[in-house]
Each structure stands twice: as C-alpha cells, then as structure tokens.
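Only one structure is covered here, and it is reproduced in the block below.
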Amino acid sequence: MIYTESYHVRWHDTDAWRELSPTEALAYMQEAANHQFRTHALSLDELRDTAGTGFILSRIAIDFLHPVHAYEEIAVQTSTCKGHGYTFPRRFEMLRGGECVARAMSQWAMLRVADRAMLRA
C-alpha cells in the first residue's frame with residue numbers, strides 16, 4: 001500500500017542555492033514513513049515503548065532527478081515490500097506536481113532495544 005504525505009519545503013531545509021539539501025530530503029522521506037506507521041499501525045514511539053523494538057537503517061540508495069526549491073509543494077510517497085531474513089525494505093518517491101524529483105530504496109533492520117538483538121522480518 002502506498003502512503004502519501006504532502007509538505008511545503010521550508011527555506012531552512014535548503015542550501016545556499018535554495019535547493020533542498022540531501023539530508024533534508026531524507027528527513028522528509030523518513031517523516032512520511034513515520035506518518036505511515038502512526039496511521040496504519042503503532043507509532044514508532046509505541047513500538048519502542050510497548051514492544052521494546054526499533055528500526056535501524058542498514059542502507060539507502062537515493063537518486064535526485066531534479067532540484068527542489070524553497071517553498072515548493074512536494075508529496076512524498078512511501079511503501080514497504082515483504083521483508084526477508086533480517087531485512088525490511090522501504091521505497092520512497094518525492095513528487096512535485098506529479099513529476100518524480102527524487103526516489104530512494106532503503107533497507108532497515110529491526111532490533112530489540114534491551115539487548116540489541118536483530119529480529120527476523
């Protein structure tokens with residue numbers, strides 16, 4: 001299931017050329033994933049507090065196709081794929097006016113906070 005969250009790019013999330021920085025692009029993507037969790041399951045805080053688990057980023061590949069500027073409206077789409085072993089994949093697309101301006105594929109691991117043991121998908 002694809003989840004979409006809309007944002008207006010803040011001026012403070014851009015660099016000297018007023019283009020969205022890679023770090024902030026990833027923050028918008030992660031925030032969309034957080035909202036998806038909160039909307040369709042436990043929030044990440046509840047997951048940590050009730051189950052004692054959390055996600056850690058294993059790897060991410062991101063493609064920036066077009067620059068995004070301060071004050072532009074963007075939509076971030078995210079979805080998960082079936083996990084295998086200890087891997088939980090998640091994909092992202094950042095859209096401006098329906099055009100894909102960035103996309104990413106990430107791999108996450110879930111661990112038990114108390115002893116840092118990795119948990120299977």
Do [X] and [Y] sit in one hydrophobic cluster, given that two such residues count as connected whenever their side-chain heavy atoms are within less than 4.5 Å of each other, even indirectly?
X	Y	result
Leu95	Ile74	no
Leu47	Leu111	no
Leu44	Leu119	yes

To check you understand the geometry: which heavy-atom pair defines the closest contact between [X] and [Y], and what is its length?
X	Y	value
Ala25	Phe64	CB-CE2, 3.7 Å
Val76	Ala32	CG1-CB, 3.7 Å
Thr4	Ala75	CG2-CB, 4.0 Å
Met94	Tyr28	CE-CB, 4.2 Å
Gly83	Pro89	CA-CD, 3.8 Å
Leu20	Asp13	CD1-O, 3.4 Å

Drop me the distance from [X]'s [atom1] to [Y]'s [atom2], to the nearest 0.5 angstrom.
X	Y	atom1	atom2	value
Glu31	Leu26	CD	CG	13.0 Å
Ile62	Met29	CD1	CE	4.0 Å
Phe92	Ser79	CZ	OG	9.0 Å
Met110	Met118	CE	CE	11.0 Å
Asp15	His69	CG	NE2	8.5 Å
Glu93	Ile2	CD	CD1	7.5 Å

Notebook entry, point to check: Leu65 and Cys100: side chain to side chain contact (heavy atoms under 4.5 Å, CB included), yes or no, with the steps?
Noted result: CA-CA 7 Å; Leu65 307 171; Cys100 183; 3.8 Å; yes
Between [X] and [Y] (side chain of the first, backbone of the second, donor and acceptor by atom type, cut-off under 3.5 Å), is there such a pair?
X	Y	result
Arg96	Pro67	yes
Thr39	Gln36	no
Thr78	Arg91	yes

Margin query: Between Thr80 and Arg90, do the side chains contain a donor N or O and an acceptor N or O under 3.5 Å apart?
Written below: no
Item checked: Distance-only side-chain donor-acceptor flag, Tyr3 / Glu5, under 3.5 Å ->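 A pair is found: one side chain offers a donor N or O, the other an acceptor, under 3.5 Å apart.
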Note to self: Does His12, at its NE2 atom, have more than 12 non-hydrogen atoms belonging to other residues, nucleotides or ligands within less than 6.0 Å?
What the structure shows: no
Next item on the list: Report the C-alpha distance between Ser106 and Gln30 in whole Å, list the side-chain angles of each, state the deciding distance to 0.1 Å, and finish with yes or no for side chain to side chain contact (heavy atoms under 4.5 Å, CB included).
Entry: CA-CA 10 Å; Ser106 60; Gln30 181 58 46; over 6 Å; no
Check: Taking side chain as C-beta onward, heavy atoms only, is His8 less than 4.5 Å from Tyr71?
Finding: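 A side-chain contact is absent here, since even the closest heavy-atom pair is not under 4.5 Å.
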Margin query: Over 60° means perpendicular and under 30° means parallel, so tell me whether Phe37 and Phe55 are parallel, tilted or perpendicular.
Written below: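 Ring orientation, 0 to 90° scale: tilted.
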Margin query: In terms of relative ring orientation, are Tyr7 and His35 parallel, tilted or perpendicular, with 30° and 60° separating the classes?
Written below: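 Geometry flag for His35 against Tyr7: tilted rings.
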Check: Looking at residues at least two apart in the chain, or sitting in another chain, which of them share a salt bridge (Lys or Arg N to Asp or Glu O under 4.0 Å) with Arg103?
Finding: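 Only Asp63 meet the salt bridge (Lys or Arg N to Asp or Glu O under 4.0 Å) criterion with Arg103.
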Check: side-chain hydrogen bond (donor to acceptor under 3.5 Å, both in side chains) with His66: which residues, sequence neighbours excluded?
Finding: Glu99
